Amino acid sequence: MPELSPRYNPQEVEEKRLKLWQEKKAFHAVAERSRKGPFAVVIPPPNVTGVLHMGHALNNTLQDILIRYKRMQGFDVLWMPGTDHAGIATQNVVEKQIAKEGLTRETLGRDKFMERLWEWKAHHGDTIINQLHKLGSSCDWDRTRFTMDEGYSEAVREVFITLHERGLIYQGSYIINWCPRCTTALADEEAEHKDASGSLWHIRYALKDDPFQSVIVATTRPETMLGDTAVAVNPSDERYTHLIGKVIILPLINREITIIADDFVDRAFGSGAVKVTPAHDPNDFAMGRRHNLEFINIMHPNGVMNANAGRFEGLDRFEARKQVVQALDEAGMLVKIEPHMNAVRRCYRCDTVVEPYLSRQWFVKMKPLAEKALAAFHDGKLRIQPKRWEKVYENWLVDIRDWCISRQIWWGHRIPVWYDEQGNTFVARSEAEAKEKARVKHGKEVTLLQDPDVLDTWFSSWLWPFATLGWPKPGKDLKYFYPTAALFTAPEIIFFWVARMVMAGIEFMGEVPFKDVILHGTVRDAKGRKMSKSLGNAIDPLEIIGEYGADALRFSMILNSGQDIYISKEKFEIGRNFANKLWNASRFVMMNLAPEALRIEDFAGIDHAALDPASQWIMARYQKALVAVTEAIEQFRYSEAENTLYEFFWGTYCDWYLEMIKGRMDDINTQKTVCLILKNTLKMLHPFIPFVTEEIYSHITGVETVLTLEAWPIPEEKYAYAQAEVGMGSIVAIITAIRNVRAQWNIKPNDPVECVFVAAAGSETGLRTNEAMIKRLVRMSGIRYATSAEGITNSAAGVAGDIKFFIPLGDLIDVAKEKARITAEVAQMEKAAHAIAGRLANEGFVSKAPPEVIEKERQRMTELTSRALEFNKALACLI
RNA sequence: GGACGCAUAGCUCAGCUGGUUAGAGCGCUGCCCUCACAUGGCAGAGGUCGAAGGUUCAAGUCCUUCUGCGUCCACCA
């Protein structure tokens, strides 16, 4: 056994283990290898442009815990890794890069620009994967997929074509969310509402026949008035009924527009009259359709005013706003300006204010898909945790709107549609197929042009659970691993991704893609703010890994993962410290145990009848921890599982058990127990902190072990009985024993002495409350290391347990003060007993409370009374 | 405007179906470098469970209202 440093060095160990896992292909998934069946999880694919942040770290640690646990349980585990091409985000990154060379994508041209994108992907695309790797994620890395790799693209095309055939994809001109900076359409979910304080401009529109008569309209976007083609009022609004049908001269543009009546108009808002701009507002668009209005587009795709804007042509939309307002004011048409709070939609990629813009796009008809997703949920085929998110999922599906899937960018899956010169569309799997279709239609070869647009990134992401398994090609993996078991993700992404995956899964695989959706919190800084680069409050996971180790990162993160997680750098110390404690306790064990004990594999190797009481006790505690941890993991309550392990290992195994058996290490059965409990605890801890546990395990066994391939411990029912015997003995007896020891050995100050401790079986409850008292009493006798006798018992015989105590009499405490304190506590005990007595005398309680509760209370009272009595006796016989 | 979440020790949170004298970690105080570990050990201080009502024999836990913080959704000009 090589000498191990007293300080755990994570960097060295983690590097070594990563290499080993790779060499041994430890995470390689194989279908139909085990009788336990499949257990698959797909990673939420991070953006290729991504750099590991705390959100990833949390998300992947959660998955890894489950994955490693299930692997240890013997399932055929597949954790599918990969990255998302992240259309706009990636294109933005590369556009910025070429901008440094003075280039734009337009000057470069589509093909060259695409080359640059792929080049970028080749160089930087693995960054995040490598970082996830460092975190210890046990994905089957050989399977790493990319949403734009060849097979995946095939799946995307197949889905587009199938949906089109089923009448669920259509093309049309509607008002969509347009980002003038990215010059592309966005889906509703990609345009985020953000509150902003703006203004409400009230403008006067004069009547053509009678310039002295006018209506006043209010708007938050005055520049759009240039595209007005009507003014609308509510048909039941008496103020305006006489004006319906009259003509108005639109200021600045001098276009004649009509006053129309429409139920949409809210009489109570503003003046009750509203300007109608069908090409620049979704409501106005609908009105325009209803009333057959003209659609006048006043803007170029980049947000600069076009020729329809008259003298405002060439101005950016915000500059145009200023100048329009000014011009209106000068013309005396501006009535007033009110401050106004409203939600402005912004591009989720570049934060530019989104423009409602009329354009021709491709859409997915969502209602039929959503209905099935809803039905599957109602049938209980999908569980969402925590439950409160179920409603969010449900509401979105109920109120769903069609999905705009075309994007005017270049990085992505090209829309598989070709047009001939007449504008006929040919939806096809390939250009050749399209050409063939066109040939049939025209009876001759014709030239075709492919639709220049690409598909929304999410149009590929929503296929992730089955496209990664090889769909549309049939295969063993697809058949075996689909549907997957669970999905871990952040709630922000329910609409973008989760709900859509459910739809696609049902539509194309006939089954929901996962049974459990686990939504975890957001990682925030200590002040509760989201971590972001711009705020400068982000803690880099790689920095933490470098300093404290990946185990420390994982451990601390999970321990803190209740709802949202508030992180500061100091919080990672707990993980580092724990790993170090684990390391040192193991070092101690290895220093003191015989090789025979270190080789112990299971409980059968221990002669339980010959076991010392402390070891019997730790067995019981271990069983309890094992059951609790297993249950917590099954319920996805990882922080609870981890906390249980933390307390068991540190608070019970180290602080009590190892202290107790020091000096008893010559017993081989004790040695074996010490080792076996440690080994099984390492196994239980392995899903949480894979590196350090495996390293230690390998040192103990002397064999390089891949712990995730070892079996998860199974509770041994026969050891549970020790639990029932846990009890505290007579306090008077303890005091007596201490006094005897002192007298017997003629103890001098600061002499460490072993104390024989009498403890009897019987009283099972009240252990914890007794503990503090006993420690006090023991201290009053001059024992400093009062490892107390919690849980130590040696059967009903009431014979000595043999727990080691150090008794330095140097620092005797103030006995009088302690006596007073104990007296107070005893009084409190008596008070509690009295309260119970009162309760028991209460008619309501006796008649209405369940009998077992009454019985419990009665017992408790008896116990409190007798304990108080005993403490009183003990006080009397003290020094 | 709609929906949801949180409020428990100085800080971060447990407290799962109402039933012992409300717990942990960090921080703080005191004593210890004792031969596994000072990234450690032992001992200790610290809470009228956000406010007010209500249900109940019994409320941190259930109901109502309010206050403060947070999140998501939303086409009202």
Side-chain angles (χ1 to χ4, degrees), chain A residues 4 6-8 175 188 193 200 217-221 224 232 264-266 269-271 273-277 281-286 340 342-343 345 356 386 388-389 391-392 395-396 399 491-492 494-495 522 524 526 528 548 552 559-560 562-568 570-571 573-574 576-592 635 637 639-640 643 646-647 651 654-655 658-659 752 765-766 768-769 775-776 779 784-787 806 808 811 813 825 828-829 831-832 835-836 839 842-850 852-854 856-857 859-861 863-864:
Chain A
L4 298 176
R7 191 55 46 105
Y8 171 59
I175 296 279
D188 289 329
H193 287 265
L200 192 58
V217 296
T219 178
T220 52
R221 293 186 294 147
T224 60
F264 165 79
V265 181
D266 178 0
F269 190 92
S271 64
V274 56
K275 61 192 271 310
V276 183
T277 325
D281 183 277
N283 295 315
D284 296 5
F285 176 79
H340 183 76
N342 68 334
R345 301 194 92 162
R388 71 188 125 96
W389 293 105
K391 229 168 155 180
V392 175
N395 289 344
W396 188 70
D399 296 330
E492 292 99 271
I494 293 178
F495 312 129
T522 308
R524 296 166 186 284
Y548 295 151
L559 207 56
N560 279 295
Q563 302 193 17
D564 278 358
I565 302 174
Y566 299 82
I567 292 276
S568 57
E570 305 81 65
K571 289 217 169 151
E573 285 174 13
I574 191 165
R576 177 199 59 180
N577 295 357
F578 185 69
N580 191 57
K581 185 74 180 179
L582 204 55
W583 183 255
N584 277 297
S586 307
R587 226 158 54 89
F588 168 76
V589 168
M590 283 183 264
M591 279 172 183
N592 289 288
Q635 294 172 5
R637 295 158 75 155
S639 75
E640 193 180 306
N643 197 42
Y646 180 81
E647 269 171 23
C654 291
D655 288 349
L658 287 187
E659 292 302 327
T765 44
R768 295 191 70 80
T769 34
K775 282 184 184 170
R776 277 221 185 105
R779 264 179 67 212
R784 195 166 47 142
Y785 282 117
T787 12
F806 298 100
D811 47 25
I813 47 157
E825 273 185 52
Q828 219 180 349
M829 252 182 234
K831 205 175 131 196
I836 297 172
R839 218 174 294 159
N842 185 323
E843 250 178 76
F845 179 73
V846 178
S847 60
K848 293 189 181 171
E852 65 270 20
V853 172
I854 297 176
K856 230 169 137 188
E857 291 281 54
Q859 271 180 19
R860 215 185 106 229
M861 188 179 70
E863 214 179 284
L864 276 169

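Naming convention: chains lettered A, B, ... in sequence-line order (proteins, then strands); numbering from 1 in each chain. Being a predicted model, the structure only gives us computed values, none of them experimental.
Under the Watson-Crick or G-U wobble criterion, with both distances below 3.5 Å, G23(B) is paired with C13(B). Checking G44(B) for Watson-Crick or G-U wobble geometry (two distances, each under 3.5 Å) identifies C28(B) as its partner. Base pairing annotation: G53(B) forms a Watson-Crick or G-U wobble pair with C63(B), both donor-acceptor distances under 3.5 Å. Taking a pair to require two hydrogen-bonding distances under 3.5 Å in either a Watson-Crick or a G-U wobble arrangement, A3(B) pairs with U71(B). Taking a pair to require two hydrogen-bonding distances under 3.5 Å in either a Watson-Crick or a G-U wobble arrangement, G18(B) remains unpaired.
In this structure, of G25(B), C16(B), A77(B), it is G25(B) that holds the atom nearest to the side chain of Ile574(A). Nearest to the side-chain atoms of Leu864(A) among the listed nucleotides U21(B), C4(B), U39(B) stands U21(B). With distances taken from any side-chain atom of Asn584(A) to the nucleotides A77(B), U39(B), C37(B), the minimum falls on C37(B). If you check U12(B), A77(B), C42(B) against the side chain of Asp655(A), the one that comes closest is C42(B). Comparing G5(B), U21(B), G19(B) by their nearest atom to the side chain of Val853(A) picks out G19(B). Relative to the side chain of Phe845(A), the nucleotides G25(B), C72(B), G19(B) differ in distance, and G19(B) lies closest. Taking the side chain of Asp266(A) as heavy atoms from C-beta on, and the options A36(B), U12(B), C76(B), the nearest nucleotide is C76(B). Considering only side-chain atoms of Tyr646(A), the nucleotide from G19(B), G25(B), A77(B) that sits closest is G25(B). Comparing atom distances between the Lys275(A) side chain and each of A77(B), U12(B), G15(B) picks out A77(B) as nearest. Checked against C75(B), C16(B), C73(B), the side chain of Phe495(A) finds its nearest nucleotide in C73(B).
Only the C1' atoms considered, C57(B) is 26 Å distant from A51(B), to the nearest whole Å. Separating the C1' atom of A14(B) from that of C6(B) is a span of 15 Å, rounded to the nearest Å. Here, G60(B) and C49(B) have their P atoms 7 Å apart, quoted to the whole Å. Going from the P atom of G23(B) to that of A9(B) covers 14 Å, rounded to whole Å. Comparing the C1' positions of C76(B) and C4(B) gives an interatomic distance of 24 Å, to the nearest angstrom. Across G50(B) and U61(B), the matching C1' atoms stand 16 Å from one another, rounded to whole Å. Separating the P atom of U21(B) from that of U29(B) is a span of 33 Å, rounded to the nearest Å. The gap from the C1' atom of G46(B) to that of A24(B) amounts to 14 Å, rounded to the nearest Å.
Between the side chain of Asn580(A) and the base of C37(B) there is no donor-acceptor pair of N/O atoms closer than 3.5 Å. In this model, no side-chain donor or acceptor of Lys391(A) finds a partner on the base of C4(B) within 3.5 Å. The base of C57(B) has none of its N or O atoms less than 3.5 Å from a complementary donor or acceptor on the side chain of Asn842(A).
Remark: Arg7(A) is in phosphate contact with U39(B), judged by side-chain N or O atoms under 4.0 Å from OP1 or OP2. Contact annotation: Lys571(A) does not reach the phosphate of C13(B) (side-chain N/O to OP1 or OP2, under 4.0 Å). Look at Asn592(A) and you won't find any side-chain N or O under 4.0 angstrom from OP1 or OP2 of A36(B). Arg860(A) has a side-chain polar atom (N or O) that falls below the 4.0 Å cut-off from OP1 or OP2 of U21(B). OP1 or OP2 of C75(B) has at least one side-chain nitrogen or oxygen of Arg345(A) nearer than 4.0 Å.
Atom pair Glu647(A):CD and G23(B):P shows a separation of 13 Å (rounding to whole Å applied). Rounded to whole angstrom, the span from the CZ atom of Arg839(A) across to the P atom of U20(B) amounts to 8 Å. The distance from atom CG of Asn577(A) to atom C1' of A36(B) is 15 Å, rounded to the nearest whole Å. Rounded to whole Å, the distance from CE on Met591(A) to C1' on C37(B) is 10 Å. Atom P of nucleotide U21(B) and atom CD1 of Ile836(A) are separated by 6 Å, given to the nearest angstrom. Remark: C1' of C72(B) and NE2 of His193(A) are 11 Å apart, rounded to the nearest angstrom. If you take CG of Asp188(A) and P of C75(B), they are 7 Å apart, rounded to a whole angstrom. Distance, Asn560(A) CG to C13(B) C1': 8 Å, rounded to whole Å.
Counting only N and O atoms by type, the side chains of Asn584(A) and Arg587(A) include a donor and acceptor under 3.5 Å apart.
Of all heavy-atom pairs between Asn580(A) and Pro6(A), the closest is OD1-O, 3.7 Å. Across every non-hydrogen atom of Leu559(A) and Ile574(A), the tightest pair is CD2-CD1, 3.7 Å. Residues Arg576(A) and Ala552(A) come closest through the heavy atom pair N-CB, 3.4 Å. In terms of heavy-atom proximity, Tyr548(A) sits nearest to Glu573(A) at OH-CG, 3.7 Å. For the pair Ile175(A) and Phe285(A), the tightest heavy-atom approach, listed with the atom from each and the gap, is CG1-CB, 3.4 Å.
Counting non-hydrogen atoms under 4.0 angstrom, Arg221(A) reaches nothing in the nucleic acid. Within 4.0 Å (heavy atoms only), Ile175(A) reaches no atom of the nucleic acid at all. Among the atoms of the strands shown, base atoms are found under 4.0 Å from some heavy atom of Pro850(A). At a threshold of 4.0 angstrom between heavy atoms, the contacts of Arg576(A) include nucleobase atoms, whether or not backbone atoms are also involved.
Using cut-offs of 30° and 60° for the angle between ring planes, the Tyr646(A) and Phe578(A) rings count as tilted.
Both Arg388(A) and Val589(A) lie close to RNA chain B; mapped to their nearest nucleotides by heavy-atom distance, the more 5′-ward contact belongs to Arg388(A). Position along RNA chain B of the nearest nucleotide to Trp389(A) versus Pro6(A) favours Pro6(A) as the more 5'-ward residue.
By the 4.0 Å N-to-carboxylate-O rule, Lys275(A) lies too far from Asp284(A) to be salt-bridged with it.
Looking at Arg345(A), its side chain does come within 3.5 Å of a backbone N or O of Asp188(A) through a donor-acceptor pair.
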